[in-house]
Student: 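Have a look at this one before I ask anything.
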Amino acid sequence: MIFADLTRDEISPQEALARVGAPGHGAVVLFLGVVRDHNEGRGVQGLEYEAYEEMAERVLEEIAREAARRVGSDRVAVIHRVGDLAVGDVSVAVAVSTPHRGEAYEASRYVIEEIKKRLPVWKRERYADGEEGWVPGHPPGEAGAGEGGDTP
Amino acid sequence: MIFADLTRDEISPQEALARVGAPGHGAVVLFLGVVRDHNEGRGVQGLEYEAYEEMAERVLEEIAREAARRVGSDRVAVIHRVGDLAVGDVSVAVAVSTPHRGEAYEASRYVIEEIKKRLPVWKRERYADGEEGWVPGHPPGEAGAGEGGDTP
Amino acid sequence: MRIRTLFFASFKDLVGTGRIDLDVPDGTTVAGLVSALRKRGGTWEKLPAEPAVAVNLEYSELSRALHHGDEVAVIPPVAGG
Amino acid sequence: MRIRTLFFASFKDLVGTGRIDLDVPDGTTVAGLVSALRKRGGTWEKLPAEPAVAVNLEYSELSRALHHGDEVAVIPPVAGG
């Protein structure tokens, strides 16, 4: 089962975990992205994710299917939150299970890197000093997006 | 907080997750090892983990501390089960949180690879045909242990 | 033909609206549409000349020819995850 | 001096016991202890000549000199995780 969802509700890591696993699968990897209390040296109080929702749902499912195909698994679940989030809230959960662990890590990493590269979602941070601003982000599809800079 | 535990009780992924995370941590990676229904082409009904318990507890904590040091995090939790396990049971849980995701994946992988290499634990499988046997395993510390063969 | 264009996040703030419906000549490409949008003047001129775009919910080349009823989105740099 | 040696898993099955206390001469190394164990004959001879070992809960070289009261474990290939 491939599962992809964009949600305004709190993300439950348990729900993501419950959507993967199979009798022949010996490895599960769960990734959680969590809202941090700072970014680029500024105190962060919370943030808002805006999405092109219809497209983001499609892209999320595409990414999950690509990851599954890469490692030959049929158990990938990805949930991305939109709306207002507080520090400590889970912004994204990626769960994968595979027969062996190498593939589970690979698929997990693929999903989160592709999300950073091309999911049509934008992040507006509310800073401790009262200001707000859109996080610069990455031109969709550009190589090297995601792991640079100060993003989680 | 570094947490390492060897336990006869069912492993709770939520408990492992609850032991990591911090206001400055944007990434959490949870790895679960799960008992599969087959190994090396044979049907498996369950297994028993035997441990040199006093030593395994130490080694587990050492590995967790090494992983934490490698990525500069102070949030690594590892729980390994011993005793009788059924198919689908979690044999090991590794949770890590770090400011950024690259380090969380790296530390997670380090912990599970080192467990495979040097944790003094042995696995006796009960096969569907009624036979039982010790899984061959890896000479402790040997390079390349773990990811070879058919192990999860 | 009539084309709906959507704006999000910083681009929405920039042009002051989340969407606009424009009549453009048959055969107009995405690039042509972007050019027409920028020619509206004011802050519209600050839209990038070659932004990332989606047509009907999929990323698209700027050279793609549009058809009546297509939904175009001008996509600012993304920041999900 | 008296040295306790522990056996686990397949090695425990092999020698038929989880532990044995042996009196060995002062200055005996881990290798010397292993050699003494193998000389007990029968299935003991099937213990590897150079197994992985732990002394007092830490992996150890075979060349390590033992001291009275040390706890040695002969460690079969591990299979945790």
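Hydrogens, waters and symmetry mates are skipped; everything else that's a heavy atom, side chains included, is used. In what follows, chains carry the letters A, B, and so on, assigned in the order in which the sequence lines appear, proteins first and then strands, with residues in each chain numbered from 1.
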Student: Does any non-hydrogen side-chain atom of A:Trp122 lie less than 4.5 Å from one of C:Ser10?
Tutor: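 Side chain of C:Ser10 against side chain of A:Trp122, heavy atoms only: no contact under 4.5 Å found.
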Student: Which bit of A:Leu119 comes within less than 4.5 Å of chain C, counting heavy atoms only: side chain, backbone, both or neither?
Tutor: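 Backbone of A:Leu119 only, per the 4.5 Å heavy-atom cut-off to chain C.
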Student: In residues 45-58 of chain C, which residues are in contact with chain A at a heavy-atom separation under 4.5 Å?
Tutor: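 Contacts with chain A: C:Ala52, C:Ala54, C:Asn56, C:Leu57, C:Glu58.
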Student: With respect to chain C, which residue among A:Arg81, A:Arg58, A:Glu48 yields the maximal number of heavy-atom pairs within a distance under 4.5 Å?
Tutor: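 Ranked by heavy-atom pairs under 4.5 Å with chain C, first place is A:Arg58.
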Student: Who are the ring-ring contact (aromatic ring centres under 6.0 Å, His included) partners of A:Tyr52, not counting sequence neighbours?
Tutor: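 C:Phe8.
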Student: So which part of A:Ala56 gets closer than 4.5 Å to some heavy atom of chain C, the side chain, the backbone, both or neither?
Tutor: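 Contact with chain C: none, neither part.
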Student: Can you tell me which portion of A:Glu54 sits under 4.5 Å from chain C's heavy atoms? Options are side chain, backbone, both or neither.
Tutor: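 Both parts, backbone and side chain.
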Student: Report, in residue-number order, which members of residues 16-32 of chain C are under 4.5 Å from chain A by heavy-atom distance.
Tutor: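 Against chain A, none of the residues of residues 16-32 of chain C fall inside the cut-off of heavy atoms under 4.5 Å.
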Student: Please look at A:Val92 and chain C and tell me whether the side chain, the backbone, both or neither of the residue comes under 4.5 angstrom of a heavy atom of that chain.
Tutor: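 Answer is side chain: those atoms of A:Val92 sit under 4.5 Å from chain C.
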Student: Is C:Asp13 close to A:Arg124 at the side-chain level, that is, under 4.5 Å between some pair of heavy atoms?
Tutor: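 When only atoms from C-beta onward are counted, C:Asp13 and A:Arg124 do touch, with a gap below 4.5 Å.
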Student: Let me know if A:Arg118 has heavy atoms under 4.5 Å from chain C in its side chain, its backbone, both or neither.
Tutor: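 Both backbone and side chain of A:Arg118 come within 4.5 Å of chain C.
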Student: Quick check: under 4.5 Å, non-hydrogen atoms only, which of residues 60-80 of chain C neighbour chain A?
Tutor: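 C:Glu71, C:Ala73, C:Ile75, C:Pro76, C:Pro77, C:Val78, C:Ala79, C:Gly80 fall under the 4.5 Å cut-off.
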